[in-house]
Protein chains: 2
Amino acid sequence: MSDASEKKPSRIQLRNRALILEAALDVFSVHGFRGATLDQIADAAGLSKPNILYYFSGKEEIHTTLLNQLMETWLDPLVEMDADGDPLAELLAYVQRKLDMARDLPRESRLFAGEIITGAPHMLPHLRADLKPLFDEKCAVIQGWMDTGKLAPVDPRHLIFSIWSTTQHYADFAVQVGVLMQTDDAAPGADAYLRALFSNLLNPTP
Amino acid sequence: MSDASEKKPSRIQLRNRALILEAALDVFSVHGFRGATLDQIADAAGLSKPNILYYFSGKEEIHTTLLNQLMETWLDPLVEMDADGDPLAELLAYVQRKLDMARDLPRESRLFAGEIITGAPHMLPHLRADLKPLFDEKCAVIQGWMDTGKLAPVDPRHLIFSIWSTTQHYADFAVQVGVLMQTDDAAPGADAYLRALFSNLLNPTP
DNA sequence: TCACTTTTTGACCAATTGGTAAATACACGA
DNA sequence: TCGTGTATTTACCAATTGGTCAAAAAGTGA
């Protein structure tokens with residue numbers, strides 16, 4: 001009663017909320033918000049549907065919780081790009097981090113992709129409030145690098161788009177990549193290829 | 001009675017089937033198969049739901065019809081890549097065709113992306129039967145170009161992946177691109193950027 | 001104009017969906 | 001061990017969904 005909001009979540013609460021979010025990530029990342037059902041999530045979590053609604057007020061709250069958690073993780077690799085580091089090394093390291101993320105968190109990547117494809121109904125505010133300022137800031141950093149001749153001059157915005165698209169492709173289109181590569185793990189080749197792609201582009205003295 | 005199958009579609013049939021497919025493309029490309037409803041499609045087409053089921057046997061048939069039509073269009077730019085042309089020019093022209101397609105057919109791009117993200121339940125056979133052989137053939141062509149020293153040597157498979165991802169990004173993530181570029185049309189910059197990206201990579205004598 | 005076919009509609013299902021309410025089972029500190 | 005708040009289940013809605021069917025309403029050719 002000392003606090004109007006919830007006091008402290010019990011062990012069971014913690015475990016079950018995590019269970020639900022984990023299951024929901026599985027389901028939402030494949031079927032999208034509208035295509036996913038509470039029954040699917042309940043099954044995947046090993047809980048009953050009403051029990052899920054005991055922990056979350058509804059389907060929407062589960063989805064937005066997931067999206068909010070994701071936003072931090074998603075922006076992090078770009079945040080870490082250091083304006084004071086070596087330009088080419090910083091950018092290549094950023095590519096590597098994004099590629100690692102596509103490998104380690106493919107469901108998150110697909111959840112994000114699905115949300116954007118459907119017009120980002122739950123994420124537009126986030127994009128404007130969080131992503132846009134960060135994007136502008138890092139574009140300015142890259143532009144600065146180019147202005148001092150440390151990188152070949154290209155449009156920083158399209159550069160970032162191409163980093164996002166090439167890396168996330170391995171998560172979002174994993175099925176297609178799997179069919180075409182026959183081997184399950186496209187990882188090693190992608191690494192080397194993307195490093196070549198972006199260092200050839202950005203090297204100031206070709 | 002001369003033919004057991006349908007004879008010739010009437011003017012009305014032709015018009016309404018086109019109307020339905022057009023509406024369905026709008027709806028499916030945004031909400032995916034499971035997220036889309038027949039009512040939405042009916043509304044968008046300006047027809048009643050039972051009337052739609054008069055022209056198509058069900059939701060699934062509309063979707064697969066759309067996907068089948070798409071497959072041709074989708075593969076076409078790659079088909080046109082000519083083994084006897086100038087390697088670099090052929091590849092850059094391919095990039096340009098894909099970029100034009102992302103601009104002219106964004107709904108088709110999103111429909112395809114959505115289908116792949118959800119695990120390609122309706123397209124896996126197509127991918128294996130149509131895309132895979134074409135992909136292998138063109139990879140061999142590119143590898144041949146590289147072997148004769150006319151292109152810098154990189155993995156042709158990842159090269160194609162990166163062409164697909166960078167170009168389709170402008171269709172699939174249009175909302176995000178719009179937020180970040182503030183201008184509606186990212187076209188001109190993307191053109192020049194991608195040309196630089198791929199010619200720097202592929203030029204045999206940097 | 002009139003018979004005949006094609007197209008469209010309105011009324012209706014059965015299944016699925018997100019969500020609720022009340023009763024029940026459980027955990028756990030006193 | 002007992003009582004109390006926490007978890008969970010059972011039994012339900014009401015709305016939406018994909019789809020059916022028979023009747024009505026256009027078209028269409030003679």
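What you see is a predicted model, and the numbers here were worked out from it, not measured in a lab. Numbers restart at 1 for each chain; the letters A, B, ... are given by sequence-line order, proteins then strands.
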Peer 1: Could you list by number each residue of residues 18-48 of chain B showing a heavy-atom separation from DNA chain C of less than 4.0 Å, or answer none if no residue does?
Peer 2: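 Within residues 18-48 of chain B, the residues near DNA chain C are R34(B), S48(B).
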Peer 1: For the pair made of CD1 in I62(B) and P in dT17(D), what is the distance, rounded to whole Å?
Peer 2: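 Rounding to the nearest Å, CD1 of I62(B) and P of dT17(D) are 15 Å apart.
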Peer 1: Strictly by modelled atom types, are H122(B) and E60(B) linked by a side-chain donor-acceptor pair under 3.5 Å?
Peer 2: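 Yes, side-chain donor-acceptor contact under 3.5 Å.
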Peer 1: Measure the distance from CD1 on I52(A) to P on dT20(C) and round it to the nearest whole Å.
Peer 2: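 The answer, rounded to whole Å, is 14 Å.
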Peer 1: In terms of side-chain heavy atoms, does N16(A) have a donor or acceptor partner in Y55(A) at a distance below 3.5 Å?
Peer 2: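 Yes, side-chain donor-acceptor contact under 3.5 Å.
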Peer 1: Taking atom P of dA7(D) as reference, at what distance in whole Å does atom CZ of R11(A) sit?
Peer 2: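 The distance from CZ of R11(A) to P of dA7(D) comes to 11 Å, rounded to the nearest Å.
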Peer 1: Take the angle between the ring planes of H169(B) and F173(B) and call it parallel below 30°, perpendicular above 60°, tilted in between.
Peer 2: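 Rings of H169(B) and F173(B): parallel, under 30°.
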Peer 1: Per the salt bridge (Lys or Arg N to Asp or Glu O under 4.0 Å) rule, what does the pair list look like for residues 99-115 of chain B, sequence neighbours excluded?
Peer 2: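 Only E22(B)-R107(B), D26(B)-R107(B), D100(B)-R103(B), R103(B)-D191(B) qualify under salt bridge (Lys or Arg N to Asp or Glu O under 4.0 Å).
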Peer 1: Tell me whether R17(B) forms a cation-pi arrangement with F56(B), defined as NZ or CZ under 6.0 Å from the six-membered ring centre and within 45 degrees of its axis.
Peer 2: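 That pair qualifies as a cation-pi contact.
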Peer 1: Calculate, to the nearest 0.5 Å, the distance between atoms CG and CD belonging to D130(B) and E72(B) respectively.
Peer 2: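 It is 9.5 Å, given to the nearest 0.5 Å.
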Peer 1: Quick check on dT7(C): is either OP1 or OP2 less than 4.0 Å from any side-chain nitrogen or oxygen of Y54(B)?
Peer 2: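 For dT7(C), OP1 or OP2 has a side-chain N or O of Y54(B) closer than 4.0 Å.
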Peer 1: Within the structure shown, what part of the strands sits under 4.0 Å from Y55(B) by heavy-atom distance: base, sugar-phosphate, or nothing?
Peer 2: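 Here Y55(B) touches the backbone only, sparing every base.
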Peer 1: Is there a side-chain contact between N16(B) and the phosphate of dT8(C), meaning an N or O under 4.0 Å from OP1 or OP2?
Peer 2: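 Answer yes for this pair, as a side-chain N or O of N16(B) is under 4.0 Å from OP1 or OP2.
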Peer 1: Hey, does the side chain of Q13(B) come within less than 4.0 Å of dT7(C)'s phosphate (OP1/OP2), counting only N and O?
Peer 2: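 Checking Q13(B) against dT7(C): at least one side-chain N or O falls below 4.0 Å of OP1 or OP2.
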Peer 1: How long is the span from the CG atom in L127(B) to the CG atom in L134(B), to the nearest 0.5 Å?
Peer 2: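 L127(B) CG to L134(B) CG: 12.0 Å, rounded to 0.5 Å.
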Peer 1: Just the rounded figure in Å: distance from P of dG19(C) to CG of L53(A).
Peer 2: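 Taking atom P of dG19(C) as the reference, CG of L53(A) is at 6 Å.
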Peer 1: How long is the line joining CG of L14(B) and P of dT7(C), in whole Å?
Peer 2: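 In whole Å, dT7(C) P lies 11 Å from L14(B) CG.
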Peer 1: If you check every side-chain atom of K49(B), which of dT10(D), dA27(C), dG18(D) has the closest atom?
Peer 2: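 So the nucleotide nearest the side chain must be dG18(D).
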Peer 1: Does a distance-only test, which skips hydrogens and angles, find a donor-acceptor pair under 3.5 Å between the side chain of K59(B) and the base of dG19(D)?
Peer 2: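 A donor-acceptor contact between them is absent.
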Peer 1: Return the value, rounded to whole Å, for the distance between atom CG of N51(A) and atom P of dT20(C).
Peer 2: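 Taking CG of N51(A) and P of dT20(C), I get 15 Å after rounding.
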